[in-house]
Amino acid sequence: QVQLVESGGGLVQTGDSLRLSCTGSGQTFSTYAMAWFRQAPGKERSFVAGITRAGSGTHYQDSVKGRFTVSRDFANNALYLQMNDLKPEDTAVYYCAVTLRAGRYAVLTSEEEYDYWGQGAQVTVSS
């Protein structure tokens with residue numbers, strides 16, 4: 001059974017940093033592209049950051065560029081999201097996801113193109 005588990009969420013203040021982790025089990029995800037999405041209260045889930053199958057390419061939502069960094073650890077079947085200079089508008093439930101459909105150098109940004117999801121991690125940024 002494929003399972004993705006996020007960790008590292010919490011309550012922080014504006015300007016603080018957090019690092020989210022996502023660990024996969026049941027399958028090796030090293031050959032698949034991965035991404036982070038988030039869903040704020042009352043809003044639809046949206047793409048935040050993604051990384052290619054080889055880990056050599058990344059893509060970010062405009063609002064997080066320069067503040068968030070996505071990375072992956074092939075040895076540990078893990079995905080990370082380093083979030084710096086957090087803002088109240090970053091408050092959301094953050095999900096990691098895996099897609100089986102991306103080409104070697106592609107980052108997919110539509111949630112419909114992702115096949116496996118974690119349960120989510122709450123990030124709350126107070127002003």
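For the numbers below, each heavy atom of this structure counts, side chains included, while hydrogens, waters and symmetry mates do not. Quick caveat, the model's predicted, so the values are computed rather than measured.
Between S17 atom OG and M83 atom CE the span is 9.0 Å, to the nearest 0.5 Å. Taking CD of Q3 as the start and CD of Q119 as the end, the distance is 8.0 Å to the nearest 0.5 Å. Interatomic distance, E113 CD to L108 CG, rounded to the nearest 0.5 Å: 4.5 Å. Rounded to the nearest 0.5 Å, atoms CD (E6) and OG (S21) are 10.0 Å apart. Rounding to the nearest 0.5 angstrom, the gap separating the OG atom in S56 from the CZ atom in R104 is 7.0 Å. Here the CD-CZ distance, from Q82 to R67, works out to 12.0 Å after rounding to the nearest 0.5 Å.
By the 6.0 Å contact criterion, CD on E89 is enclosed, its count of non-hydrogen atoms from other residues, nucleotides or ligands being greater than 12. Heavy atoms from other residues, nucleotides or ligands lying under 6.0 Å from CZ of R101 number more than 12.
Following chains of ILVMFWY side-chain contacts shorter than 4.5 Å, one can reach V2 starting from W36, so the two form part of one hydrophobic cluster. In the hydrophobic clustering of ILVMFWY residues, with side-chain heavy atoms under 4.5 Å counting as a link, L81 and Y116 come out together. Taken together through direct or relayed side-chain contacts under 4.5 Å among Ile, Leu, Val, Met, Phe, Trp and Tyr, V64 and V12 form part of one hydrophobic cluster. Under the 4.5 Å side-chain heavy-atom criterion for ILVMFWY residues, no single connected hydrophobic cluster contains both V98 and V107. If you chain together hydrophobic residues whose side chains sit under 4.5 Å apart, I51 and Y114 never meet in one group.
Here the shortest heavy-atom pairing between D115 and L100 reads OD2-N, 2.8 Å. Of all heavy-atom pairs spanning F29 and M34, the tightest one is CB-SD, 4.2 Å. Between L20 and V123 the shortest heavy-atom distance is CD2-CG2, 4.0 Å. Among all heavy-atom pairs drawn from A106 and A33, the shortest one is O-CB, 4.0 Å. Contact between S127 and P88 at its shortest, heavy atoms only, is CB-CG, 3.9 Å. The two residues Y60 and T69 come nearest to each other via the heavy atoms OH-CA, 3.3 Å.
Judged by a 6.0 Å distance limit and a 45° cone about the ring axis, R53 is not positioned over the six-membered ring of Y105. Seen from the ring of Y95, R45 counts as a face-on cation partner, given the 6.0 Å and 45° thresholds.
Under the 3.5 Å distance criterion, the side-chain polar atoms of Y32 are left unmatched by any main-chain donor or acceptor of A102. Checking side-chain atoms of T52 against main-chain N and O of G57 turns up a donor-acceptor pair under 3.5 Å. Not one N or O on the side chain of T23 forms a donor-acceptor pair closer than 3.5 Å with the backbone of L4. For N76 (side chain) and D73 (main-chain N/O), no donor-acceptor pair under 3.5 Å exists by modelled atom type.
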Query raised in the report: For S46 and E44, what are the C-alpha separation, side-chain angles and deciding distance, and is it a side chain to side chain donor-acceptor pair (under 3.5 Å)?
Result: CA-CA 6 Å; S46 63; E44 295 186 351; over 6 Å; no
Query raised in the report: Going through the distances and angles, do Q61 and R38 end up as a side chain to side chain contact (heavy atoms under 4.5 Å, CB included)?
Result: CA-CA 11 Å; Q61 179 194 102; R38 68 186 180 186; 3.2 Å; yes
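Between T14 and L86 the shortest side-chain heavy-atom distance does not fall below 4.5 Å. The closest side-chain heavy-atom distance from Y80 to R72 is not below 4.5 Å.
Under a 4.0 Å N-O distance rule, the pair D90/K87 does not qualify as a salt bridge.
Taking the six-membered ring for Trp and thresholds of 30 and 60 degrees, Y94 and F68 have ring planes inclined between 30 and 60 degrees apart.
Less than 6.0 angstrom separates the ring centroid of W117 from the ring centroid of F37.
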